[in-house]
Amino acid sequence: MAESTGEFELPHRLAELGPEPPAVRLAPQLAQFAAVARLEHVTQAAVVLGMPQPTLSRAVARLEAELGVDLLARQGRTVRLTRAGRLLRASVERALAELERGAEAARAEADPAAGRVAFGFLHTMGTDAVPALLRGFRAAHPQVRFQLVQDYVGAMLERLKDGELDLCLVSPLPEDDPALVARPLDEQRLYLVVPADHRLAGRRRIRLAEVAEEPFVGLERGYGLRAITDGFCAEAGFAPRIAFEGEEAETLRGLVAAGLGVALLPPALVARPGVVELEVTAPRTRRAIGLAWAAGRPPTPPVAAFRDFVLSRRGRLLQHD
């Protein structure tokens, strides 16, 4: 009957780090022990590892002394694993396999031809600008992989600092933050979107102050467009009265169509029934869009290639009206 080892399984936990914990002290000898355990022959294991046989024997002896148990039963030129040796070998093999997978994943991440780019961007850029960027870049780098993240600006910049994201397409651009680098790419006009039956719907241009008393629909606080909207309204001399908040520009456009307020939004790609877009002449309602990345963190080759490609699109990221 096969012997069950289930009783010896331990719950997964992180190894303790420092100068004294067992995992740190034992790590250098574990691969050497694994080679001896697989071949059950010290001399053959030494050949595989490219090290002198006496050195390998001393290393295994130090491991046994550290653990306080015999791992090998010597039988002439060969060795056999003891019960303790079999238990340790199972854990060591799993650890070495996981380490190998981690090393391969790390190498694959930086592969110039097929590495990965973690790219964050505004929701409003996901419909046309980002797909166009990816299509243009993939024409020359067809195997580079992308992790695409849409979120509000504050969250993306934090993930950028934490290393979860490599690059972010943001608006407004972060200022006075030494942890980040940002480069402007383009400007996008923001229109005042009003219901089709609104008192100003027949106009082409307005001043933002003309809707100071109107209810606004806007993105939630934390979104870049919300901060920009608040800033333009303040420049026009009023604080917007936010009647409804949402997380996506097209949702806001629908709320405007339902007559629930007005909004400052980027131009719609496809005309939406029930709303009219008015050009704002004062203040100049344009938002800067740029690319941000963490300062002092060397990019992998695929990240550097994509960053350079996006920066080369400066002034052409958006189709100007």
Side-chain angles (χ1 to χ4, degrees), residues 106 109-112 115-138 140-141 144-190 218-232 234-235 246-249 264-267 284-320:
E109 189 86 348
D111 187 325
R116 185 182 71 108
V117 179
F119 182 41
F121 54 93
L122 305 166
H123 288 82
T124 50
M125 297 285 102
T127 308
D128 58 339
V130 168
L133 282 175
L134 297 178
R135 182 176 60 247
F137 179 74
R138 290 291 292 272
H141 303 82
V144 169
R145 296 169 292 120
F146 280 85
Q147 176 193 355
L148 302 177
V149 174
Q150 292 176 281
D151 209 335
Y152 64 92
V153 170
M156 286 198 298
L157 294 181
E158 287 305 312
R159 294 174 73 172
L160 200 61
K161 294 177 186 178
D162 291 342
E164 295 180 38
L165 295 175
D166 299 311
L167 301 166
C168 286
L169 200 59
V170 296
S171 179
L173 276 64
E175 297 180 355
D176 302 323
D177 190 335
L180 297 171
V181 178
R183 296 288 183 268
L185 291 173
D186 217 330
E187 282 192 341
Q188 183 179 48
R189 185 189 298 274
L190 300 179
L219 296 179
E220 296 176 354
R221 292 194 180 277
Y223 283 82
L225 186 56
R226 172 62 180 273
I228 291 171
T229 295
D230 290 348
F232 282 137
E235 192 175 342
E247 297 181 344
E248 204 274 325
L264 270 179
L265 294 174
R284 183 175 179 266
T285 53
R286 290 180 177 268
R287 65 170 177 172
I289 297 172
L291 189 68
W293 59 90
R297 183 185 303 146
T300 63
V303 170
F306 185 62
R307 183 185 66 187
D308 293 345
F309 175 79
V310 175
L311 293 177
S312 74
R313 303 291 299 173
R314 182 174 183 177
R316 296 177 292 139
L317 180 69
L318 304 170
Q319 183 178 356
H320 287 282

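Note that this is a predicted model, so its numbers are computed, not measured.
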Engineer: From Glu248 CD over to Glu220 CD, what is the distance, rounded to the nearest 0.5 angstrom?
Structural biologist: 12.0 Å

Engineer: Would you tabulate the side-chain donor-acceptor contacts of residues 120-127 under 3.5 Å, counting partners in other chains and residues two or more places apart, or write 'none'?
Structural biologist:
unit_1 : atom_1 : unit_2 : atom_2 : d
Thr124 : OG1    : Arg287 : NH2    : 2.7

Engineer: Decide yes or no for Phe309 and His141: does some side-chain heavy atom of the first lie under 4.5 Å from some side-chain heavy atom of the second?
Structural biologist: no

Engineer: Does Leu157 reach the side chain of Val170, with side-chain heavy atoms less than 4.5 Å apart?
Structural biologist: yes

Engineer: Quick one: which residue pairs count as a side chain to side chain donor-acceptor pair (under 3.5 Å) with a foot in residues 161-170, not counting sequence neighbours?
Structural biologist: Arg159-Glu164, Lys161-Asp177

Engineer: Can you measure from CG (Leu185) to CD1 (Ile289) and round to the nearest 0.5 angstrom?
Structural biologist: 8.5 Å

Engineer: For side chain to side chain contact (heavy atoms under 4.5 Å, CB included), just list the numbers for Thr285 and Ile228, CA-CA rounded to whole Å, side-chain angles, deciding distance to a tenth of an Å, and then say yes or no.
Structural biologist: CA-CA 9 Å; Thr285 53; Ile228 291 171; over 6 Å; no

Engineer: When you measure from the side chain of Arg183 to the backbone N and O of Leu291, does any donor-acceptor pair fall under 3.5 Å?
Structural biologist: no

Engineer: I need the single residue from Leu225, Leu265, Thr229 that forms a side-chain contact (heavy atoms from CB on, under 4.5 Å) with Leu190. Which is it?
Structural biologist: Leu225

Engineer: Tyr152 vs Tyr223 aromatic rings, parallel, tilted or perpendicular, using cut-offs 30° and 60°?
Structural biologist: tilted

Engineer: Considering non-hydrogen atoms only, spot the tightest contact between Gly115 and Pro302 and give its length.
Structural biologist: CA-CG, 3.8 Å

Engineer: To check you understand the geometry: which heavy-atom pair defines the closest contact between Leu318 and Ala129, and what is its length?
Structural biologist: CD2-CB, 4.1 Å

Engineer: In Å and rounded to the nearest 0.5 Å, what is the CZ to CZ distance from Arg116 to Arg145?
Structural biologist: 7.0 Å

Engineer: Any non-hydrogen side-chain atom of Leu160 less than 4.5 Å from a side-chain atom of Met156?
Structural biologist: no

Engineer: Tell me the closest heavy-atom pair linking Leu173 and Ala288, and the distance in Å.
Structural biologist: CD1-O, 3.7 Å

Engineer: Search all heavy atoms of Val153 against all heavy atoms of Pro172 and return the closest pair with its distance.
Structural biologist: CG1-O, 4.3 Å

Engineer: Quick one, Val144 and Phe137 - any side-chain contact, counting heavy atoms below 4.5 Å?
Structural biologist: yes

Engineer: Side chain to side chain donor-acceptor pair (under 3.5 Å): which pairs involve residues 293-315, sequence neighbours left out?
Structural biologist: none

Engineer: How far does CD of Glu187 sit from OG of Ser171, to the nearest 0.5 angstrom?
Structural biologist: 9.5 Å

